[in-house]
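To start, the structure under review is shown below, and the notes come after it.
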2 protein chains.
Amino acid sequence: MKTRTNRLVIISQILNTQQIKSQNELLKKINDKGFNCTQATLSRDLKALKVGKIANNEGAYYYSIPTAKAAKKISDSSTSYVHNGFVSIDFAQNMAIMKTIPAYASSLAMTIDMANAYEIAGTIAGDDTILLIPRDGVSEIDLRNRLILIFPELKDRIRR
Amino acid sequence: MKTRTNRLVIISQILNTQQIKSQNELLKKINDKGFNCTQATLSRDLKALKVGKIANNEGAYYYSIPTAKAAKKISDSSTSYVHNGFVSIDFAQNMAIMKTIPAYASSLAMTIDMANAYEIAGTIAGDDTILLIPRDGVSEIDLRNRLILIFPELKDRIRR
DNA sequence: TAATAAAATGAATAAATATGCAATTATGAT
DNA sequence: ATCATAATTGCATATTTATTCATTTTATTA
C-alpha cells in the first residue's frame with residue numbers, strides 16, 4: 001500500500017543517501033518506486049519534512065533532511081547537556097577546541113586543569129570556548145581518550 | 001566604496017542576525033544600506049557564499065550561512081605560499097587558525113595586528129601558527145573578507 | 001452504514017530563484 | 001599607458017518551487 005506516510009519515509013531515505021538537486025529529479029525516483037504523485041505534492045512533502053537545500057563542497061545545491069546530528073545539537077542546547085556544560089569538541093591543527101554553554105568555559109577548564117592530565121599542556125578558556133593545547137607528540141586520539149577518562153559521560157559524544 | 005566584497009560582508013552579517021526568507025526581502029535590506037544591485041546579483045552572491053535555505057522550528061524557511069564547522073579546509077598546502085609566509089588557513093568554532101612557514105608566524109601576526117582590523121579582536125602567534133580571534137558577532141565570512149583586504153593576494157586561496 | 005469533517009492531491013498558475021547573453025568594470029601583463 | 005583577459009552585473013527569461021482552488025480520498029461520528 002502506498003500511503004502518504006510511506007512516501008515520506010521513502011523520500012527521507014532517498015535524501016539521506018543521494019544528493020538530489022531538484023524536485024523533478026526526486027519526482028522521477030519516487031515514481032520509479034511506484035508512487036505516483038506530482039511535483040506539487042513533493043513540494044508539500046519537503047516542507048512537512050522540513051527539508052532544507054544546502055551547498056556541498058563544490059557549491060552544488062542539494063536537499064538535506066535535518067540530520068540526527070542537528071537534532072542532537074538542538075537537544076544538547078536545550079535540555080540534556082552533561083553536568084559540566086560541555087557542548088561539543090573539535091580538533092584542528094592538533095589542538096582541541098571545546099565549546100561549552102555560555103559562561104561555563106572557565107569552570108570546565110579548571111576541572112580539566114585539576115585532572116593534571118599529562119597529555120594536556122595547558123588550556124585557555126573564554127566564555128564558551130576552551131582551547132586545549134596538547135603536549136608535543138600527543139595525538140588527537142590520545143587527547144580524546146584522556147578527555148573520556150576525565151569525563152566518562154562524554155564517551156558517546158566525543159567520537160565522530 | 002561599495003565593492004562586491006563589501007556587499008558579501010554585509011549580506012553575511014544580515015543573514016547571521018536575521019531570518020531572511022526571500023531574495024527580495026534581502027534585496028530591500030541591501031538597498032537600504034546603499035548597495036544597489038538586483039535580485040540576479042543576490043542569487044549569485046548567495047551561491048558564492050554557499051548559503052542554504054533551511055527550516056526553523058516553526059517550519060518557516062530562511063537563508064543560512066554554512067557554519068565554521070561545516071566549512072572544510074580551503075587551502076592547499078602543497079602549492080607555493082605567498083610572500084609573507086602564509087601557508088594555509090582553517091576555520092573552527094568561529095576562530096581562524098593560520099599556518100605559516102616555520103618562524104614566520106609572529107611577523108605575519110604583527111602585520112595583521114597593524115591593520116587594526118575591527119573584525120579581529122586579537123591574535124596569538126606561535127612559531128608557525130597564528131590563532132585569530134574574531135570579535136563577538138564577526139562571522140567566518142567577515143573574517144575571510146577582512147583577511148583578503150589585508151592580503152589581496154590571498155584572494156584565490158582563502159575563498160572557494 | 002451514512003453523513004460529515006478533515007486530509008491529501010492534481011492541475012493550473014503564481015512566486016521565487018537561476019542563468020544566458022551582452023555590456024561594463026576591474027585586473028594584469030608588457 | 002595600452003592592450004588583453006577576467007570578473008561583475010543587469011536585463012530578460014528560463015527554470016524551479018509554492019500555492020490556490022476544485023476534487024477525491026480518508027477518517028470520524030452518530
Side-chain angles (χ1 to χ4, degrees), chain A residues 1-12 14-15 18-31 33-56 58-65, chain B residues 1-12 14-15 18-31 33-56 58-66 80 82-83 141 144-145 148-160:
Chain A
M1 195 232 308
K2 305 291 186 188
T3 166
R4 173 174 181 269
T5 303
N6 291 336
R7 195 182 58 236
L8 292 178
V9 169
I10 299 298
I11 288 173
S12 67
I14 291 175
L15 297 188
Q18 306 175 48
Q19 293 198 348
I20 305 292
K21 65 185 236 320
S22 75
Q23 293 178 11
N24 275 332
E25 185 182 346
L26 180 59
L27 184 59
K28 285 188 190 118
K29 309 226 180 220
I30 280 290
N31 287 341
K33 290 198 182 281
F35 295 86
N36 59 329
C37 64
T38 64
Q39 172 268 323
T41 294
L42 290 187
S43 172
R44 292 167 181 132
D45 287 352
L46 296 183
K47 190 170 204 173
L49 293 170
K50 294 191 179 176
V51 170
K53 204 172 189 182
I54 62 176
N56 65 15
E58 285 83 38
Y61 281 82
Y62 67 98
Y63 288 109
S64 168
I65 298 240
Chain B
M1 191 228 318
K2 304 291 185 187
T3 167
R4 173 173 182 270
T5 302
N6 295 144
R7 196 182 57 237
L8 293 179
V9 169
I10 298 296
I11 289 174
S12 69
I14 290 175
L15 298 188
Q18 305 175 49
Q19 293 198 349
I20 304 292
K21 65 185 236 319
S22 77
Q23 293 179 10
N24 275 331
E25 185 183 346
L26 180 58
L27 184 59
K28 286 188 192 117
K29 308 221 179 227
I30 281 291
N31 287 341
K33 290 196 183 282
F35 295 88
N36 59 328
C37 64
T38 63
Q39 171 268 325
T41 294
L42 290 187
S43 171
R44 292 168 180 128
D45 287 351
L46 295 183
K47 191 170 204 171
L49 294 169
K50 293 191 180 175
V51 169
K53 204 173 188 182
I54 62 176
N56 64 16
E58 286 83 36
Y61 282 82
Y62 66 96
Y63 287 109
S64 166
I65 299 240
S80 73
V82 286
H83 71 277
I141 300 290
R144 287 177 190 225
N145 287 331
I148 290 167
L149 288 176
I150 300 175
F151 303 116
E153 64 273 39
L154 293 192
K155 187 173 183 194
D156 297 319
R157 319 189 55 216
I158 201 176
R159 260 220 331 258
R160 180 125 302 253

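Residue numbers begin at 1 in each chain, while the letters A, B, ... track the order of the sequences. Fair warning: this is a prediction, and the values are worked out from it, not measured in the lab.
A donor-acceptor pair under 3.5 Å links the side-chain atoms of B:K53 to the main chain of B:K21, judged by distance alone. A donor-acceptor contact shorter than 3.5 Å links the side chain of A:S22 to the backbone of A:E25.
To the nearest 0.5 Å, atoms CZ (B:R7) and CG (B:D45) are separated by 4.0 Å.
A:R7 has its CZ atom 8 Å from the C1' atom of C:dA8, to the nearest Å. D:dC11 atom C1' lies 14 Å from atom CG of B:L27, rounded to whole Å. Rounded to whole Å, atom P of C:dT9 lies 6 Å from atom CZ of A:R4. If you measure from atom CG of A:L26 to atom P of D:dT17, you get 10 Å, rounded to the nearest angstrom.
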Scan nucleotides 12-18 of chain C against the protein and return all N/O pairs shorter than 3.5 Å with their distances rounded to 0.1 Å.
| unit_1 | atom_1 | unit_2 | atom_2 | d |
| --- | --- | --- | --- | --- |
| C:dT17 | OP1 | B:K53 | NZ | 2.6 |
| C:dT17 | OP1 | B:Y63 | OH | 2.7 |
| C:dT17 | OP2 | B:Q23 | N | 2.9 |
| C:dA18 | OP2 | B:Q23 | NE2 | 2.7 |
| C:dA18 | OP2 | B:S43 | OG | 2.8 |
| C:dA18 | N7 | B:Q39 | NE2 | 3.0 |
| C:dA18 | N6 | B:Q39 | OE1 | 3.1 |

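A:N24 and A:Q39 share no donor-acceptor pair across their side chains, judged by distance under 3.5 Å alone.
Within 4.0 Å (heavy atoms only), A:D45 reaches no atom of the nucleic acid at all.
For the side chain to side chain contact (heavy atoms under 4.5 Å, CB included) test with B:Y63, the passing option among B:L15, B:I11, B:I14 is B:L15; the others fail.
Residue B:T38 places none of its side-chain N or O atoms closer than 4.0 Å to OP1 or OP2 of D:dT9.
When the side-chain contact (heavy atoms from CB on, under 4.5 Å) test is applied to B:I54, the partners found at least two apart in sequence or on another chain are A:I54, B:Y62, B:S64.
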